[in-house]
Amino acid sequence: MRHDIPPLTEVRRTTQKKRDAWWTVLLVDPLATPLVRWTALWTRITPNQITWLALFFGLGAAGCFAFGTWNWLLVGALLYHVSFVLDCMDGKLARLTGAGSVFGAWLDYVFDRIRVLVCAVALMGGQFSRTDDVIYLWLALAVVFLDMLRYIDALQIFKIRHGMRKQIKARARRAREAENATELAFMEDLLRENPEADADAVAAHHGGETDTAAEAAEERGVPAQRASASPSASPSVSAVVPVTVPAPQGDARPGRPVTAIVDLHREFRSRFPGYLRLRAFLLRHRIRTHLVSGIEFQMAVFIVAPALNAVVPVTIGAGVLLLVFELAIIYKLLLSTRDFARTLDSFDAAESRRRAQEEEAAESGAPVAG
């Protein structure tokens with residue numbers, strides 16, 4: 001027995017993700033988290049061993065699906081759920097014990113794809129051998145394709161978002177080197193920390209500028225370094241590069257750097273004003289807004305459909321919902337790239353104004369304002 005394993009409340013805080021699929025939050029974590037604590041407390045099982053065990057139960061589910069009858073489908077659905085619980089446990093155990101590894105992450109990802117492939121072939125193949133209905137062959141291809149599409153799309157969107165944030169951070173670093181004293185924060189991160197707040201409240205709390213804050217700065221006599229959006233864009237989605245607010249007169253402290261709040265989802269929220277309220281509600285329960293992702297799709301196909309003996313309608317319905325949410329994410333990414341372009345334009349405009357001020361100061365011999 002290990003004596004360094006914390007109480008269950010601390011295990012929940014340590015191992016559970018801040019945002020997760022609703023199926024995991026509601027139907028897996030209540031069972032997986034206590035099991036992870038018990039496993040860490042009383043056994044020497046490693047995360048990789050649990051990953052192998054999850055694959056074993058997944059293959060067992062596929063074997064049951066292949067028989068095709070409802071009784072075996074029900075057993076297969078139960079085994080698949082056990083497999084998924086174990087699949088969630090390996091990561092939690094790695095976070096709790098510090099025994100995670102890069103190879104373990106790769107193993108977990110590859111085994112997930114193998115489990116989906118084998119179970120899709122077994123489930124639809126079993127139904128085809130029982131009914132000779134060719135629709136099950138098409139459904140097998142559709143399930144494998146949609147699972148592949150979801151994870152490829154997720155990876156590419158992550159890479160694009162990471163690249164955008166990296167470029168913005170590089171621009172902010174150059175601004176700091178030019179003595180603009182601008183700190184950087186992303187609105188998405190701030191709203192994740194405080195899901196109850198709206199965008200303007202978060203910006204004000206962190207000292208950053210929305211359009212309203214910039215106007216207030218100008219009223220105080222501070223030249224706000226911000227650029228308007230392109231003429232074709234709505235003013236409500238203009239990008240902002242905040243300024244350094246000078247200290248009050250008589251205050252010996254230096255000017256306070258204002259945080260540049262970069263909002264790459266501003267246009268999306270302006271078009272869907274109810275999104276933040278829904279997001280805040282879901283985040284309070286640790287549920288992410290992507291309500292039908294790869295996890296929910298798998299659970300519908302390999303648990304709900306076999307348990308209800310309704311493979312065709314449930315699989316088609318789950319596939320349609322997955323595509324709808326994937327298209328919504330792609331649309332959100334498109335709007336985010338527009339916010340990204342406007343943000344870079346704002347940094348460029350601020351840099352151009354700074355250089356113009358330096359040139360004017362050099363010609364007049366006056367010092368340049370910091």
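Every value quoted in this text rests on a predicted model; they were computed, and no experiment measured them.
- Rounding to the nearest 0.5 angstrom, the gap separating the OG1 atom in Thr343 from the CG atom in Asp348 is 11.0 Å.
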Begin from the C-alpha positions of Trp106 and Tyr109 and carry the test ring-ring contact (aromatic ring centres under 6.0 Å, His included) through to its verdict. CA-CA 5 Å; Trp106 174 86; Tyr109 180 85; 9.1 Å; no
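- No side-chain donor-acceptor contact under 3.5 Å links Thr24 to the backbone of Asp20.
- Cluster annotation: Phe84 and Val304 are assigned to the same hydrophobic cluster (Ile/Leu/Val/Met/Phe/Trp/Tyr, side-chain heavy-atom contacts under 4.5 Å, transitive).
- Here the CG atom belonging to Leu74 is positioned 9.5 Å from the CG atom belonging to Leu308, to the nearest 0.5 angstrom.
- Proximity of a side-chain donor or acceptor of Arg12 to a complementary backbone N or O of Pro30 within less than 3.5 Å is not detected.
- The side-chain heavy atoms of Asn48 and Asp90, taken from C-beta on, include no pair separated by under 4.5 Å.
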Take Arg13 and Glu10, measure what side chain to side chain contact (heavy atoms under 4.5 Å, CB included) needs, and give me the verdict at the end. CA-CA 5 Å; Arg13 189 193 66 79; Glu10 180 65 17; 2.5 Å; yes
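- With a 4.5 Å cut-off on side-chain heavy atoms, Met124 and Val143 count as touching.
- When the side chains of ILVMFWY residues are joined at heavy-atom separations under 4.5 Å, either directly or via intervening members, Leu137 and Leu146 end up in a single hydrophobic cluster.
- If you take CZ on Phe57 and CG on Asp87, they are separated by 13.0 Å, rounding to the nearest 0.5 Å.
- The structure places CD of Glu326 at 5.0 Å from CG of Asp153, a figure rounded to the nearest 0.5 Å.
- Trp38 and Val28 fall within the same hydrophobic cluster, defined by Ile, Leu, Val, Met, Phe, Trp and Tyr side-chain heavy atoms under 4.5 Å apart, directly or through other members.
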Run the salt bridge (Lys or Arg N to Asp or Glu O under 4.0 Å) check on Asp339 and Arg342 step by step: do they pass? CA-CA 5 Å; Asp339 288 324; Arg342 283 189 284 270; 3.0 Å; yes
Do Trp72 and Phe65 pass the side chain to side chain contact (heavy atoms under 4.5 Å, CB included) test, and can you show the C-alpha distance, the side-chain angles, and the key distance before you say yes or no? CA-CA 6 Å; Trp72 282 109; Phe65 291 152; over 6 Å; no
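- Remark: side-chain polar atoms of Trp70 are paired, donor with acceptor, to backbone N or O of Ala307 under 3.5 angstrom.
- A salt bridge does not link Arg355 with Glu358: none of the charged nitrogens is closer than 4.0 Å to a carboxylate oxygen.
- Classification of Arg150 and Asp147 as a salt-bridged pair fails, no side-chain N sitting under 4.0 Å from a carboxylate O.
- Judged by distance alone, the side chain of Trp22 and the main-chain N or O of Leu291 form a donor-acceptor pair under 3.5 Å.
- The cluster map of Ile, Leu, Val, Met, Phe, Trp and Tyr, joined by side-chain heavy atoms under 4.5 Å apart, puts Leu79 and Val314 in the same cluster.
- Annotation for Tyr151: atom OH counts as buried by contact number, over 12 foreign heavy atoms lying within 6.0 Å.
- Put simply, the side chain of Arg115 does not reach to within 4.5 Å of the side chain of Leu59, judged on heavy atoms.
- In this structure, the separation between CH2 on Trp23 and CD1 on Ile295 is 11.0 Å, given to the nearest 0.5 Å.
- Side-chain contact between Leu283 and Thr289: absent, with no pair of heavy atoms (C-beta onward) separated by less than 4.5 Å.
- Contact between Ala120 and Ala140 at its shortest, heavy atoms only, is O-CB, 4.1 Å.
- Identified under the salt bridge (Lys or Arg N to Asp or Glu O under 4.0 Å) test for residues 302-322, with sequence neighbours left out: none.
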Could you give me the CA-CA distance, side-chain angles and deciding distance for Ile114 and Leu55, then say whether side chain to side chain contact (heavy atoms under 4.5 Å, CB included) is met? CA-CA 8 Å; Ile114 292 174; Leu55 177 65; 4.2 Å; yes
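- For the pair Leu86 and Ala54, the tightest heavy-atom approach, listed with the atom from each and the gap, is CB-CB, 3.8 Å.
- Considering every non-hydrogen atom in both Pro306 and Ala300, the closest pair reads CD-O, 4.4 Å.
- A distance-only check finds a donor-acceptor pair linking the side chain of Arg95 to the backbone of Thr15 [under 3.5 Å].
- Note: Phe268 and Phe272 have tilted aromatic rings, judged against thresholds of 30 and 60 degrees for the angle between ring planes.
- More than 12 heavy-atom neighbours from other residues, nucleotides or ligands sit within 6.0 angstrom of CZ on Arg130.
- The shortest distance between side-chain heavy atoms of Val116 and Val144 does not fall below 4.5 Å.
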Derivation of the side chain to side chain contact (heavy atoms under 4.5 Å, CB included) call for Thr33 and Gln16: CA-CA 8 Å; Thr33 305; Gln16 292 180 353; 2.9 Å; yes
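- In terms of heavy-atom proximity, Thr39 sits nearest to Met89 at OG1-CE, 3.8 Å.
- Note on Leu93 and Val85: same hydrophobic cluster, where clusters join Ile, Leu, Val, Met, Phe, Trp and Tyr whose side-chain heavy atoms are under 4.5 Å apart, directly or indirectly.
- The shortest distance between side-chain heavy atoms of Leu96 and Lys92 does not fall below 4.5 Å.
- Under the 3.5 Å distance criterion, the side-chain polar atoms of Thr315 are left unmatched by any main-chain donor or acceptor of Val301.
- In this structure the side chain of Leu149 reaches within 4.5 angstrom of the side chain of Leu323, judged on heavy atoms.
- Aromatic ring orientation, Phe325 versus His290: parallel (interplanar angle below 30°, classes split at 30° and 60°).
- Side-chain atoms of His265 and Leu335, non-hydrogen and from C-beta on, never get closer than 4.5 Å to each other.
- Between Ala62 and Ala122, the shortest heavy-atom contact is O-CB, 3.1 Å.
- Between Lys17 and Asp29 no salt bridge is recorded (no basic side-chain N to carboxylate O distance below 4.0 Å).
- A side-chain donor-acceptor contact under 3.5 Å links Gln49 to the backbone of Thr46.
- Panel note: side chain Glu267, backbone Ser336; no donor-acceptor pair is recorded below 3.5 Å.
- Ring geometry for Phe111 versus Trp52: interplanar angle over 60°, hence perpendicular rather than tilted (30 to 60°).
- At least one cation-pi condition fails for Arg279 and Phe281: the charged atom is not both under 6.0 angstrom from the six-membered ring centre and inside a 45 degree cone around its axis.
- Note that OH of Tyr136 is 10.5 Å distant from OG of Ser129, once rounded to the nearest 0.5 Å.
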